[in-house]
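Computed from a prediction, not measured in an experiment: that's the story for all the values here. One is the number of the first residue; the rest follow in order along the sequence.
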Amino acid sequence: MQVRVAAFSKINLLLDVLGKRPDGYHDVNMIMQGVRLSDQVIVAEAATNTITTNSPYVPNNKSNLALKAALLMQASLDLPPVAIKIDKHIPVSAGMAGGSSDAAAVLLAMDRLFALGLSRQQLEAFAAEIGSDVPFCLSAGTAVATERGELIEDLSLLSPFHLVLVKADFGVPTARVYKAYRKKKKPVAGQERLDYFLKLIREDDTLGILNSLYNDLEETTFSMYPKVRSIKEKLKHLGARHVLMSGSGPTVFAAFHAEAEAWRFYKKAKADFPMVYLTSTVSRWDLDRRIGVS
């Protein structure tokens, strides 16, 4: 028996940095959104723990969050070894939670493989030990994240819209960006911005959401990595109206209400960027069918 799980990537529709905490981290308000671009994670019982991938950039050892997830569950629940296979489609070091999503997929797969029947709360406890994005990746729908980003509250799933993603040919260390971030005066207070965004989500107002995309880390990342700024500027020059850097970068996305418009833009963007992806936000159909058993 093996369990296959779609490990969905994510983008940030809102990322507002509120201030630095005494522990050195930053308080944030984030709206996180699952994206159909996904890895396929297959888990089966085995004689020894193994992890294999189709990407030379992904480690096949304990530094891989997916294997870390398996080891954590085994140590806590006395489970047998597993073989993990990851078919990578999410670009590596893209700021789209690829590693975190693979880890969440392993948690879900092992829960099904060994008929554990774990509650969402129990799975989230494991996820939180692995990384701050992993709890969100368990559900991979639409959610608000607060405090350090580890407090996740699921929201009503948005009606899908379409995305053209462009990744720079390098990674951006999140910790370095936050260290360089300097608090600035903003025209809209953090809670006011979040409340307005939550209102748009309750109303499923896709156009309102696309008009309100916001990332407080953009200017910091742009100053450190000018190529990321140039990607955003180029996407706007090509005609995209709704463009945002996701997380701390380096991925930038252009969002479209209409699939045909996204397809036309994708064909234009392919001529300018080597790493460009056409996808959409996840639907209820995607989430209901993300786990398969064979």
Side-chain angles (χ1 to χ4, degrees), residues 1-10 32 34-92 94 96-143 152 154 157 160 277 279-294:
M1 175 180 169
Q2 63 180 21
V3 179
R4 179 187 296 268
V5 181
F8 295 111
S9 55
K10 66 93 179 169
M32 305 167 80
V35 174
R36 290 192 73 193
L37 179 63
S38 58
D39 297 339
Q40 292 295 315
V41 178
I42 301 172
V43 180
E45 190 172 345
T48 59
N49 286 315
T50 61
I51 183 165
T52 58
T53 79
N54 62 333
S55 171
Y57 306 108
V58 177
N60 294 331
N61 54 45
K62 293 180 182 179
S63 65
N64 190 310
L65 295 184
L67 181 55
K68 183 177 179 179
L71 295 172
L72 180 62
M73 291 190 79
Q74 289 163 357
S76 299
L77 303 174
D78 193 27
L79 300 176
V82 292
I84 302 168
K85 180 180 179 181
I86 303 175
D87 185 13
K88 290 294 293 183
H89 297 278
I90 303 170
V92 177
M96 297 182 66
S100 295
S101 191
D102 292 344
V106 168
L107 296 178
L108 293 169
M110 291 181 68
D111 181 50
R112 179 69 64 89
L113 181 66
F114 298 114
L116 301 175
L118 297 178
S119 67
R120 172 66 183 272
Q121 186 176 16
Q122 289 171 307
L123 287 168
E124 285 182 345
F126 284 122
E129 288 193 49
I130 302 165
S132 59
D133 279 342
V134 183
F136 165 75
C137 293
L138 288 170
S139 57
T142 307
I152 308 294
D154 288 339
L157 186 64
Y277 306 84
T279 186
S280 64
T281 57
V282 296
S283 67
R284 177 52 54 194
W285 189 94
D286 297 317
L287 295 175
D288 288 345
R289 290 161 178 78
R290 71 184 300 202
I291 302 177
V293 179
S294 58

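- The NZ atom of Lys85 lies 10.5 Å from the OG1 atom of Thr53; values are rounded to the nearest 0.5 Å.
- Between the Asp154 side chain and the Ala143 main chain, no donor and acceptor come within less than 3.5 Å of each other.
- Side chain of Asp102 to backbone of Gly99: no donor-acceptor contact under 3.5 angstrom is found.
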- Kindly indicate, with the supporting measurements, whether the criterion side-chain contact (heavy atoms from CB on, under 4.5 Å) is fulfilled by Met1 and Leu113. CA-CA 8 Å; Met1 175 180 169; Leu113 181 66; 4.1 Å; yes
- Query: When you look at Val3 and Asp111, which way does the side-chain contact (heavy atoms from CB on, under 4.5 Å) test go after all the steps?
  - Reply: CA-CA 10 Å; Val3 179; Asp111 181 50; over 6 Å; no
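- For the pair Phe8/Val35, no side-chain contact is recorded, criterion being any heavy-atom separation below 4.5 Å from C-beta on.
- The backbone N or O of Cys137 sits nowhere less than 3.5 Å from a side-chain atom of Ser101 that would complete a donor-acceptor pair.
- With rounding to the nearest 0.5 Å, the separation of CD in Gln40 from CD1 in Ile86 is 11.5 Å.
- To the nearest 0.5 Å, atoms CG (Leu123) and CG (Leu118) are separated by 5.0 Å.
- When all heavy atoms of Ala97 and Asp133 are compared, the closest pair comes out as CB-OD2, 4.0 Å.
- Environment of CG in Asn61: crowded, with over 12 heavy atoms of neighbouring residues, nucleotides or ligands closer than 6.0 Å.
- Within the model, atoms OH of Tyr277 and NE2 of His89 stand 11.0 Å from one another, a figure rounded to the nearest 0.5 Å.
- Ile42 is not listed as a side-chain neighbour of Ile84, based on a closest heavy-atom distance of 4.5 Å or more.
- One N or O on the side chain of Asp39 and one on the backbone of Ile90 form a donor-acceptor pair closer than 3.5 Å.
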- Step-by-step side-chain contact (heavy atoms from CB on, under 4.5 Å) determination, Leu138 to Leu108: CA-CA 7 Å; Leu138 288 170; Leu108 293 169; 4.0 Å; yes
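- Side-chain atoms of Gln74 come within 3.5 Å of backbone atoms of Pro80 as a donor-acceptor pair (strictly under, hydrogens ignored).
- Side-chain contact between Val293 and Gln2: absent, with no pair of heavy atoms (C-beta onward) separated by less than 4.5 Å.
- Leu116 approaches Met73 most closely through the heavy-atom pair CD1-CE, 3.7 Å.
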- Could you walk me through whether Ile130 and Leu72 pass the side-chain contact (heavy atoms from CB on, under 4.5 Å) check? CA-CA 9 Å; Ile130 302 165; Leu72 180 62; 4.0 Å; yes
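- Judged purely by atom type and a 3.5 angstrom limit, Gln122 uses its side chain to pair as donor or acceptor with the backbone of Ser119.
- Across all their heavy atoms, Gly141 and Val282 have their closest contact at CA-CG2, 4.2 Å.
- For the pair Arg120 and Pro135, the tightest heavy-atom approach, listed with the atom from each and the gap, is NH2-O, 4.1 Å.
- The heavy-atom pair separating Ala109 from Val43 by the smallest distance is CB-CG2, 3.6 Å.
- A distance of 5.5 Å separates CD1 in Ile51 from CG in Leu67, rounded to the nearest 0.5 Å.
- Nearest approach of Pro81 to Ala47, heavy atoms of both residues: CG-O, 3.5 Å.
- The residues Asp87 and Arg4 are annotated as not salt-bridged, no charged nitrogen and carboxylate oxygen being separated by less than 4.0 angstrom.
- A salt bridge between Asp288 and Arg284 is present, with a side-chain N of the basic residue lying under 4.0 Å from a carboxylate O of the acidic one.
- With a 6.0 Å radius and a threshold of 12 heavy atoms from other residues, nucleotides or ligands, Arg36 has its CZ atom at or below the threshold.
- If you take CE on Met32 and CD1 on Ile152, they are separated by 5.0 Å, rounding to the nearest 0.5 Å.
- Looking only at distances, a side-chain donor or acceptor of Ser9 sits under 3.5 Å from a matching main-chain atom of Leu37.
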